[in-house]
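Below: one structure, written as structure tokens.
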There are 2 protein chains.
Amino acid sequence: MKLSSQAQAFVLHFGEMGNRWGFNRTVGQMFALLTIHPSPLNAEQLAQALKISRGNVSMGLKELQAWRLIELQHQPGDRKDYFTAAGSIWELARTVFEERRKRELDPTLSLLRQLLLNEPQDEQEVQAQEKIQEVYSLLELLEEFANTLSKLDHDDLLRLMKLGSGIVKLLELKSKMTGGKTSE
Amino acid sequence: MKLSSQAQAFVLHFGEMGNRWGFNRTVGQMFALLTIHPSPLNAEQLAQALKISRGNVSMGLKELQAWRLIELQHQPGDRKDYFTAAGSIWELARTVFEERRKRELDPTLSLLRQLLLNEPQDEQEVQAQEKIQEVYSLLELLEEFANTLSKLDHDDLLRLMKLGSGIVKLLELKSKMTGGKTSE
DNA sequence: CTTAACTTTCAGAAATTTCTGAAAATTGTA
DNA sequence: TACAATTTTCAGAAATTTCTGAAAGTTAAG
């Protein structure tokens, strides 16, 4: 378990970006290491490579499994649990995307839905309600769009992402064919 | 500065989601309050409404300005600084999207670009390099796609997001016209 | 059943982040 | 310029998150 300086830098960086991506430093490092390492690793190896405690590794693995980002494997004749990244880079990215959608969007949608059930009691509340409705509509649309993207197969997703400004032309094309704008 | 229970719940929730969206509790609360409140608020009012210190408000306002999510206004005959959310809900969402792209993608792209400049020294490093290249390509594509989306005007964005599974048909349509798949 | 290999748990320690409030800095007005 | 109103800063306090490591739990093999 000797890391090249390349791998080292990669792992440390993902540790630092961890916060922003939704997990903590060591979880980020563990994920990066399992992603970049060619073969599965066990808890002991992770602890040693990252210089963190065995307990911390155990907790981190649990979290990465909750994110569905790693999977357990067994080596024949070895009782230890070995882990690897759950799939290709693209699959991992998809999973992160989906999990983040769940964690960042769903709780808010659920609360706002709740709030919109109440009857506003005065002018103040009517105005607040309107704002809440706007936020809700936007987030709901975003959620649906995210779902749509999640369901695209790899080729379609790739094509879509590569469209660039061609996307506008395509939208106009569609517009002409069906003869309508969504905002009308 | 009396908050309806609606507004209260909205503000508290955005405080709690704050972490996940890239800022801390009180910054999240301040942003929510400035978004839902019909008129601009000054620092004193924010401190009072959220029961936080004046200094904390000052720091929070600074951060929200760095995010370009609020803007300063002045009331005639009043020396205090008043703040409101910087634009409509849609504009705010766009801004959050762009700022997050900057914070979550750009540093990583920059590091990976750096790592890819090094000549791999052995087989291990060649393999690592390949993985890094994969991650880089994906993130770069994501960044470009995010840029494309950012540049779409409101109507186009709305149309795109509402396409749902229609998006596949549109992609196929394009495919037929130009006669190619991106993956070939 | 027993044991040894391994994993998980969790109380408290350490590290990090956030918050307070008093002092310093800034700014508009006279 | 002087001053009062307002905002900013920042050292230390408080709150929160993360981490450790020893103990408890689990599991496969004999």
Side-chain angles (χ1 to χ4, degrees), chain A residues 1 11-34 40-67 70-84 103-104, chain B residues 1 11-34 40-67 70-84 103-104:
Chain A
M1 274 311 308
V11 165
L12 291 181
H13 178 81
F14 274 79
E16 264 150 47
M17 294 302 280
N19 303 318
R20 307 203 176 161
W21 283 87
F23 22 72
N24 69 35
R25 178 160 62 249
T26 47
V27 170
Q29 291 178 353
M30 289 171 57
F31 178 49
L33 182 48
L34 291 174
L41 296 174
N42 65 42
E44 198 51 46
Q45 294 173 308
L46 287 166
Q48 215 190 306
L50 304 176
K51 299 193 184 19
I52 59 179
S53 75
R54 189 60 194 64
N56 198 359
V57 170
S58 178
M59 292 188 296
L61 289 170
K62 225 172 111 188
E63 182 160 2
L64 286 171
Q65 282 176 300
W67 277 77
I70 60 174
E71 52 195 33
L72 174 59
Q73 294 192 332
H74 280 114
Q75 315 259 308
D78 188 341
R79 277 174 62 182
K80 294 190 199 73
D81 293 346
Y82 284 77
F83 295 89
T84 12
R103 287 153 209 248
E104 297 178 7
Chain B
M1 271 312 307
V11 165
L12 290 181
H13 178 82
F14 274 78
E16 265 149 44
M17 295 301 282
N19 302 318
R20 307 203 176 160
W21 283 87
F23 22 73
N24 69 35
R25 180 160 58 249
T26 46
V27 171
Q29 290 178 353
M30 288 171 60
F31 178 49
L33 182 48
L34 291 174
L41 296 173
N42 65 41
E44 198 51 45
Q45 294 173 307
L46 286 167
Q48 214 190 307
L50 303 176
K51 301 193 181 24
I52 59 179
S53 75
R54 191 60 195 66
N56 198 359
V57 170
S58 178
M59 292 187 296
L61 289 171
K62 226 172 109 190
E63 182 161 2
L64 286 171
Q65 282 176 300
W67 277 76
I70 60 174
E71 53 196 29
L72 174 59
Q73 294 192 331
H74 280 114
Q75 315 258 307
D78 188 341
R79 278 173 60 181
K80 296 190 197 72
D81 292 345
Y82 284 77
F83 295 88
T84 13
R103 287 155 208 246
E104 297 180 6

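Each chain gets a letter, A, B and so on, in the order its sequence line appears, and its residues count up from 1.
- A:Met59 places its CE atom 15 Å from the P atom of D:dA22, with the value rounded to the nearest Å.
- Looking at B:Leu61 and B:Leu72, their side chains never come closer than 4.5 Å, going by heavy atoms from C-beta outward.
- Using a 4.0 Å heavy-atom criterion, one finds that A:Asn42 contacts no nucleic acid atom at all.
- Contact check, B:Arg79 against C:dT27: no side-chain N or O comes under 4.0 Å of OP1 or OP2.
- When rounded to the nearest whole Å, the span between CG of B:Asn19 and C1' of D:dT17 equals 10 Å.
- Within 6.0 Å of CD on B:Gln75 lie more than 12 heavy atoms contributed by other residues, nucleotides or ligands.
- Under 4.0 angstrom from either OP1 or OP2 of C:dT20 there lies at least one side-chain N or O belonging to B:Asn56.
- Computed from coordinates, the B:Gln45 CD to D:dT6 P distance equals 12 Å when rounded to whole Å.
- Remark: B:Arg54 is in phosphate contact with D:dT7, judged by side-chain N or O atoms under 4.0 Å from OP1 or OP2.
- Closest contact between the side chain of A:Asp78 and the listed nucleotides C:dT8, C:dC6, C:dC19 involves C:dC6.
- Around atom CD of A:Gln65, more than 12 heavy atoms belonging to other residues, nucleotides or ligands sit under 6.0 Å away.
- Residue-level contact check: B:Leu61 touches neither bases nor backbone, having no heavy atom under 4.0 Å from any strand.
- At D:dC19, one or more side-chain N or O atoms of A:Thr26 fall inside 4.0 Å of OP1 or OP2 (strictly under the cut-off).
- Rounded to whole angstrom, the span from the CG atom of A:Asp81 across to the C1' atom of C:dA5 amounts to 11 Å.
- Under 4.0 angstrom from either OP1 or OP2 of C:dT9 there lies at least one side-chain N or O belonging to A:Lys62.
- Residue A:Lys80 places its side chain closer to C:dC6 than to any other of C:dC19, C:dC6, D:dT20.
- Per the geometry, CE belonging to A:Met30 stands 12 Å off P belonging to C:dT7, to the nearest Å.
- Distance CD (A:Gln29) to C1' (D:dT18): 12 Å, rounded to an integer number of Å.
- B:Glu63 has its CD atom 10 Å from the P atom of C:dC19, to the nearest Å.
- The main-chain N or O of A:Arg20 is never found under 3.5 Å from a side-chain atom of B:Arg103 such that the two would form a donor-acceptor pair.
- In this structure, B:Gln45 contributes its side chain and B:Asn42 its backbone to a donor-acceptor pair below 3.5 Å.
- Atom-to-atom, CG of B:Leu72 to P of D:dT6 comes out at 14 Å; the value is rounded to the nearest Å.
- At least one side-chain nitrogen or oxygen of A:Arg25 sits closer than 4.0 Å to the OP1 or OP2 atom of C:dT16.
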